[in-house]
Amino acid sequence: MSPTMLQHRPRKIDFVEKVRLRACDLRPGMYICELDRPWLETPFLLQGFEVKNDTDIEAVMQHCEHVYIDLMRTKTVKPAAPEPHKAFLAHKKTTASREKDMEAARATHKQTSDLIKTFIDEIRFGQSPDIQLARGAVSECVSSIVRNPETMIFMTRLSSKDALTSQHAFNVCIYSIVIGRLLGLDNQKLENLGTCAMLHDMGKVVIPDHILNKPGPLNAEETVIVRSHALEGRNILMSGRSIFSGTVDVAYGHHENIDGTGYPRGLEGFQLNPNCKVVAIVDKYDAITSVRPYRPEGDHLRAVAILNKLVRENKIDGELTSSFVAYLGIYPPGCIVELSSGEVGIVLQSNVKQRLRPQLLVVLDPHKEPVQRFVDLSEKTSDGQGRPYRIVNVRRASDFGIDLGQHYDLIVQAFN
Ligand SMILES: [Fe+2]
């Protein structure tokens, strides 16, 4: 096992315990641990309490502009948010050439997806992918993520029902590079990681579609067949042109669990290629948040909850998962959200200082009728009647039949 990524772990991850928040951004489940004034100057009896409902929020708003929430005691916000790699955060602030970045990201997305489709066709005809071609495409992905990670994360939400396999490969590649950036990996290591991620599931190409897409639970025989994709992937990549051993390791090991309960070999965490640990996390995240022929996609917060559960069960790496989840935040780009007004919007860009108040393209009005309207929640904090205007729910695109691709041109214009 190469200790490549272990050598590049962040020096130290500082855990944020409390965050400052506008009172109007409070939501039920958040635990207020500090106010912007002494507790004794307010009517609150307890010096710290959990927000139960909108009445609590309105009470706080009457006395405070800002409060501090304790992330460890709050039920709504992910606890233990590590500080992302500083260089990566710096890139989140880049907005000047956003339109150009969006076009470049779209071109990279298409180029990479086309290449993956070619690989799939080649494997079906008994050939194996040319790893050098894969590296070239991944190199473009790395460059796009370095320029503007949020645009590439947005691309992962452009689901295509007729290209699920290639979209999954692309998404896992992008999310893996995101984690690699958070770890501070250099470009060469990012390309290695991204190439491993892109090719991790190539073994599935030889698994019959009627088993892969079966709507109900798999029987014992079908389970064995589906699980064989790890070995099949290893064999395909080992027989390939310009072999890169990392891709073989990840194809073979991305379903192993840290506690040794995974497959096909039941390896434990210390035995795994570090790239396997990254791909295992983002593979699960994308599987949950992507549509499947037999079910709609899960929303972002549901995926986060499942990842956290897997961390608690010692199935996936906790530190890597925390970094990934903390970077995506509560409302990542492309996420569908419902507002207190009843409107529904697509998250375009997060606001680093106010992560609960991103920029949105509102696509459904309060009556769920189509509309297209840009809103920056960091600027608009109340509705026409003075009531708090905020996100109240994370939803799925399929809940409302929203296709992000249909709004793409307008979204690009938003960054003119
Ligand atoms: Fe897999």
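Everything numeric here is computed off the predicted structure, so don't read it as measured data. Whatever order the structure lists ligands and atoms in, that order sets their numbers, starting from 1.
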Practice problem: State which residues pass ring-ring contact (aromatic ring centres under 6.0 Å, His included) with F400; sequence neighbours excluded, sorted by chain then number. | Solution: none

Quiz item: Can you name the salt bridge (Lys or Arg N to Asp or Glu O under 4.0 Å) partners of D259, sequence neighbours left out?
Solution: K315

Exercise. Show your reasoning for whether side chain to side chain donor-acceptor pair (under 3.5 Å) applies to D201 and H254.
Key: CA-CA 9 Å; D201 251 355; H254 69 278; 3.1 Å; yes

Exercise. Could you tell me whether a side-chain N or O of D299 sits under 3.5 Å from a main-chain N or O of R302, the two making a donor and an acceptor?
Key: yes

Quiz item: At what distance, to the nearest 0.5 angstrom, does CG of N192 lie from OG of S176?
Solution: 12.5 Å

Self-check item: Under-2.8 Å protein N/O/S neighbours of the Fe ion (ligand 1), ordered by chain then residue number
Solution: D201 OD1, H229 NE2, H254 NE2, H255 NE2

Self-check item: Which residues share a ring-ring contact (aromatic ring centres under 6.0 Å, His included) with H109, sequence neighbours left out
Solution: F170

